[in-house]
> 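Can you read through this structure? Questions will come right after.
Fair warning: this is a prediction, and the values are worked out from it, not measured in the lab.
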Amino acid sequence: VTGVQTCALPICILLLSMIASCSAFASSWKVSYQNDEMRGTSQKLAYATSDNLVNFEFPYNGGSRLGIMIASANTKLGEGEKPDGLPIIRAMLFIDKGQFQCNPYNDCHISVKFDNGEIQSFPMEEASAGRADAILVSDSDEFINNLKKHKTLIIEAEFYRAGNKQFKFNLDDFPDR
């Protein structure tokens with residue numbers, strides 16, 4: 001892989017918005033590729049939504065799902081290289097209806113449990129100024145390595161005026177095993 005660049009956050013945020021609007025039901029992992037013809041770069045993206053719905057108060061009532069999106073860097077591919085081989089380096093969470101309680105003034109983290117293991121804490125950071133429906137996993141490498149090794153995941157995150165909520169994921173068809 002040549003010419004590795006960091007993940008284009010505005011593209012990830014745009015894709016999150018599209019994915020969140022389409023996540024009316026739980027899904028297995030979906031993989032897509034973003035090609036930037038002007039710059040000659042490609043990016044691999046994969047996402048899944050939680051198996052369960054969580055109910056929030058108005059105006060977010062009606063059931064919400066948590067989504068996980070993972071992405072490679074925007075990368076200039078070498079001769080004959082395919083984007084499906086790009087390594088995943090970044091993880092992000094999004095909620096289709098609701099707001100994460102994550103800002104620079106509080107201890108922003110999620111609690112996770114892979115399979116029947118110990119509960120772990122992962123620090124999070126704001127995805128973009130002013131956005132409350134998406135957060136980035138600060139230690140994406142460790143989080144992604146755990147996604148590759150396990151079959152199930154429970155994520156607990158704090159939400160604005162709703163406290164902690166838990167979401168379940170089946171990882172059997174994780175795309176980067």
> When hydrophobic residues are tied together by side-chain contacts of less than 4.5 Å, even through go-betweens, does I155 share a cluster with M124?
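I155 and M124: one cluster.
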> Considering only residues two or more places apart or on different chains, which pairs with a residue in residues 112-123 satisfy side-chain hydrogen bond (donor to acceptor under 3.5 Å, both in side chains)?
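Output for this query lists D115-T152.
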> Under the criterion side chain to side chain contact (heavy atoms under 4.5 Å, CB included), which of F169, F167, F174 is the partner of L153?
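Between L153 and the candidates, side chain to side chain contact (heavy atoms under 4.5 Å, CB included) is satisfied uniquely by F169.
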> With a 4.5 Å heavy-atom cut-off, do F159 and K165 have their side chains touching?
yes
> Sub-3.5 Å donor-acceptor pair from the side chain of H150 to the main-chain atoms of K148, do we have one?
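Pair absent, no side-chain N/O of H150 close to backbone of K148.
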> Report yes or no: does N164 contribute a side-chain atom to a donor-acceptor pair with the main-chain N or O of E156 at less than 3.5 Å?
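A pair under 3.5 Å: no.
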> I'd like to know if the side chain of N146 reaches the main chain of E142, judged simply by a donor and an acceptor atom lying under 3.5 Å from each other, with no hydrogens or angles considered.
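Between the backbone of E142 and the side chain of N146 there is a qualifying donor-acceptor contact (under 3.5 Å).
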> Where do A162 and F56 come nearest, in terms of heavy atoms and distance?
CB-CD2, 3.5 Å
> Distance-only, no hydrogens or angles: does the S50 side chain make a donor-acceptor pair with backbone N or O of N52 under 3.5 Å?
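Checked: pair present.
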> State, with a plain yes or no, whether a side-chain heavy atom of K30 is found less than 4.5 Å away from one of S28.
yes
> Are the side chains of L86 and Q43 in contact, using a 4.5 Å heavy-atom criterion?
no
> Taking E125 first and then R90, would you say they form a salt bridge - that is, a charged N and a carboxylate O separated by under 4.0 Å?
yes
> F100 vs Y160, test: ring-ring contact (aromatic ring centres under 6.0 Å, His included). Steps then yes/no.
CA-CA 6 Å; F100 289 102; Y160 179 69; over 10 Å; no
> Less than 4.5 Å apart, side chain to side chain, heavy atoms only: is that true for N55 and N61?
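A side-chain contact under 4.5 Å is absent here.
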> Between atom CD1 of I88 and atom OG of S72, what is the distance when rounded to the nearest 0.5 Å?
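Separation between the atoms: 5.5 Å.
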> Taking all non-hydrogen atoms of both residues, which atom of T41 and which atom of K76 are closest, and how far apart?
CG2-N, 3.9 Å
> Identify the residue among R161, K97, Q99 that makes a side chain to side chain donor-acceptor pair (under 3.5 Å) with Y60.
Q99
> Given side chains that start at C-beta, do those of V112 and I154 come closer than 4.5 Å, heavy atoms only?
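Counting from C-beta outward, V112 and I154 never come under 4.5 Å.
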> Please tell me if the side chains of V31 and K44 come closer than 4.5 Å, counting only heavy atoms from C-beta onward.
yes
> So does D51 get a backbone contact from the side chain of R65, meaning a donor-acceptor N/O pair under 3.5 Å?
yes
> If we only count heavy atoms from C-beta on, is the I110 to I135 side-chain gap below 4.5 Å?
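In contact.
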> Given side-chain contact (heavy atoms from CB on, under 4.5 Å), test I70 with L147 step by step and report yes or no.
CA-CA 10 Å; I70 55 174; L147 292 175; 4.2 Å; yes
> Where the side chain of N35 meets the backbone of E37, is there a donor-acceptor pair that is under 3.5 Å apart?
no
> Just wondering, do T75 and S42 contact through their side chains at under 4.5 Å, heavy atoms?
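Result no, sub-4.5 Å side-chain heavy-atom pair not found.
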> For the backbone of L66 and the side chain of T49, can you confirm whether one donor and one acceptor N or O come within less than 3.5 Å of each other?
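Looks like no, no N/O pair under 3.5 Å.
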> Using modelled atom types only, decide if a donor and an acceptor are shared between the side chain of S140 and the backbone of A91 within a distance under 3.5 Å.
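Here the side-chain-to-backbone pair exists.
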> If you take all heavy atoms of F94 and I68, which pair is closest and at what distance?
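Minimum heavy-atom separation between F94 and I68: CE2-N, 3.9 Å.
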